[in-house]
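What follows is a set of notes on a single structure, which appears directly below.
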Amino acid sequence: MSDLLEAEYPEALCELDHRNPFELLAATILSAQCTDARVNMVTPALFAKYPDARSLASANPSEVEQIVRSTGFFQAKTKNLIAMAVGLVERFGGNVPTGLDDLVTLAGVGRKTGNVVCSVAFGLPGLPVDTHVGRLSRRLGLTTEDDPVKIELELNSHLPAASWGPFSLRLILHGRRVCDAKKPACDRCVLEHLCPSSILPSHRRTSPTPTRPI
DNA sequence: ATCCCGAGGG
DNA sequence: CCCTCTGGAT
């Protein structure tokens with residue numbers, strides 16, 4: 001099925017504009033409950049004023065708030081951005097660490113954001129699990145878990161490490177555009193014939209097909 | 001109304 | 001485990 005999704009979303013890797021790991025990290029923090037397009041509208045001004053961890057660490061919070069306001073949750077995001085930058089300066093020499101264990105010690109960086117940075121910025125194995133990835137994984141019969149960490153490890157075990165990141169984003173794009181939370185559009189889903197959920201009353205499609213390897 | 005690649009805090 | 005944080009697009 002990963003080949004079907006690859007055909008549907010060929011260049012899935014990241015839709016957040018960035019020129020380096022620091023920019024991707026900041027952009028990903030801003031992306032919570034906000035479209036990538038909206039984030040891409042504010043990051044040019046943000047990075048023009050704060051091009052690196054050191055400048056952001058000493059930023060005036062209200063000036064950062066002004067720039068990132070339209071992405072929503074702007075007070076929490078501003079606090080996290082600055083604290084994240086302070087963490088980079090104080091504990092990582094101003095550089096973005098490459099390991100997930102280090103990344104998640106930074107303010108505003110959870111496992112999902114950490115995995116985005118790992119896989120996109122550093123080309124290291126990382127499978128971000130957000131609500132879309134969790135929902136689609138359950139619908140597709142790839143897991144029965146609810147815990148995002150368990151889902152992440154389960155998906156990891158079925159896929160070559162190099163495709164963890166792209167697979168995650170493909171599930172996310174598919175979750176947004178086709179397999180949404182409330183009313184999945186099974187009638188125009190490329191995975192319909194192999195999706196166990198497509199036979200459920202709530203999805204109500206044609207005929208059953210047993211689960212196959214990803 | 002509902003959705004947008006969450007994370008921190010009580 | 002629940003709550004809160006937020007504005008913009010559709």
Side-chain angles (χ1 to χ4, degrees), chain A residues 5 8-18 21 23-46 61-62 64-88 96 100-122 124-140 142 145-152 155-156 159 163-185:
Chain A
L5 282 179
E8 197 73 356
Y9 312 101
E11 298 183 331
L13 187 59
C14 182
E15 299 192 321
L16 294 168
D17 295 341
H18 62 283
E23 292 192 356
L24 177 65
L25 178 51
T28 306
I29 288 174
L30 289 176
S31 75
Q33 292 300 330
C34 174
T35 60
D36 290 348
R38 172 59 54 184
V39 174
N40 291 338
M41 290 182 213
V42 312
T43 44
L46 184 69
S62 41
V64 175
E65 285 181 5
Q66 241 177 287
I67 297 174
V68 306
R69 177 173 306 120
S70 70
T71 68
F73 297 161
F74 65 92
Q75 289 176 327
K77 285 175 180 177
T78 294
K79 195 190 306 177
N80 284 149
L81 281 175
I82 296 175
M84 173 276 281
V86 169
L88 290 181
V96 179
L100 185 61
D101 292 340
D102 284 333
L103 284 164
V104 296
T105 67
L106 295 163
V109 182
R111 201 174 173 90
K112 180 243 146 188
T113 299
N115 271 318
V116 169
V117 172
C118 279
S119 62
V120 178
F122 298 122
L124 297 171
L127 201 161
V129 175
D130 72 331
T131 53
H132 295 295
V133 175
R135 182 181 71 253
L136 267 68
S137 297
R138 286 186 291 275
R139 283 181 178 169
L140 289 164
L142 305 179
E145 300 289 347
D146 276 322
D147 176 12
V149 179
K150 291 182 181 173
I151 295 174
E152 178 185 333
L155 294 181
N156 284 350
L159 291 161
S163 61
W164 290 353
F167 184 72
S168 169
L169 186 58
R170 282 178 185 124
L171 284 187
I172 289 163
L173 296 177
H174 195 63
R176 293 202 320 231
R177 299 171 190 176
V178 179
C179 191
D180 59 82
K182 300 210 70 172
K183 189 184 178 300

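From a predicted model like this one, the values you see are computed outputs, not experimental measurements.
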Revision key, fill the gap. Hits for ring pair (Phe, Tyr, Trp, His ring centres under 6.0 Å) against Phe73(A), two or more places apart or cross-chain, chain-then-number order -> none
Revision key, fill the gap. Separation of dC3(B) atom P from Lys183(A) atom NZ, nearest Å, is 13 Å
Practice item. Nearest whole angstrom, please: distance from the C1' of dG7(C) to the CG of Asp36(A). Key: 16 Å
Practice item. Can you tell me the distance, in whole Å, between the CG atom of Leu30(A) and the P atom of dT6(C)? Key: 13 Å
Extract all donor-acceptor atom pairs below 3.5 Å that involve side chains of residues 25-37 of chain A and protein atoms in other chains or at least two apart in sequence.
unit_1: Thr28(A); atom_1: OG1; unit_2: Leu24(A); atom_2: O; d: 2.7
unit_1: Ser31(A); atom_1: OG; unit_2: Thr28(A); atom_2: O; d: 2.7
unit_1: Thr35(A); atom_1: OG1; unit_2: Arg38(A); atom_2: N; d: 3.2

Check your understanding: Within less than 4.0 Å of OP1 or OP2 of dA9(C), is there a side-chain N or O belonging to Arg38(A)?
Key -> yes
Point to revise | Side-chain N or O of Lys182(A) closer than 4.0 Å to phosphate OP1/OP2 of dT2(B) | key: yes
Exercise for review: Quick one: list whatever passes side chain to side chain donor-acceptor pair (under 3.5 Å) with His132(A), sequence neighbours left out.
Suggested key: Arg135(A)
Practice item. Nearest whole angstrom, please: distance from the C1' of dC3(B) to the CZ of Phe73(A). Key: 12 Å
Exercise for review: Calculate the interatomic distance between Gln33(A) atom CD and dG6(B) atom C1'; express it in whole Å.
Suggested key: 7 Å
**Study point:** Interatomic distance where CG belongs to Leu25(A) and C1' belongs to dG6(B) [whole Å]
**Key:** 14 Å
**Study point:** Glu152(A) and Asn115(A): side chain donor to acceptor below 3.5 Å
**Key:** yes
Review point. How would you label the contact of Gln75(A) with the nucleic acid (heavy atoms, under 4.0 Å): base, sugar-phosphate, or nothing?
Key: sugar-phosphate
Study note, to complete from the structure: Applying side chain to side chain contact (heavy atoms under 4.5 Å, CB included) to Pro148(A) and not counting sequence neighbours gives Val129(A)
Check your understanding: Does His132(A) have a side-chain nitrogen or oxygen under 4.0 Å from the phosphate oxygens OP1 or OP2 of dC4(B)?
Key -> yes
Exercise for review: Please measure how far the C1' atom in dT6(C) lies from the corresponding atom in dT2(B), and state the result in whole Å.
Suggested key: 15 Å
**Study point:** Rounded distance in Å - CG (Asp180(A)) to C1' (dA9(C))
**Key:** 16 Å
Review point. Contact class for Leu169(A) (heavy atom, under 4.0 Å): base, sugar-phosphate, or nothing?
Key: base
Considering only nitrogen or oxygen atoms on both sides, find all protein atoms under 3.5 Å from nucleotides 7-10 of chain B and state each distance.
unit_1: dA7(B); atom_1: OP1; unit_2: Gly110(A); atom_2: N; d: 3.1
unit_1: dA7(B); atom_1: OP1; unit_2: Thr113(A); atom_2: N; d: 2.9
unit_1: dA7(B); atom_1: OP1; unit_2: Thr113(A); atom_2: OG1; d: 2.3
unit_1: dG8(B); atom_1: OP1; unit_2: Gly108(A); atom_2: N; d: 2.9

Check your understanding: Should His174(A) and Leu136(A) count as side-chain neighbours, where that means a heavy-atom distance under 4.5 Å?
Key -> yes
Check your understanding: dC4(B) C1' sits how many Å from Ile29(A) CD1, rounded?
Key -> 17 Å
Check your understanding: Who pairs with Thr131(A) by side chain to side chain donor-acceptor pair (under 3.5 Å), at least two apart in sequence or on another chain?
Key -> none
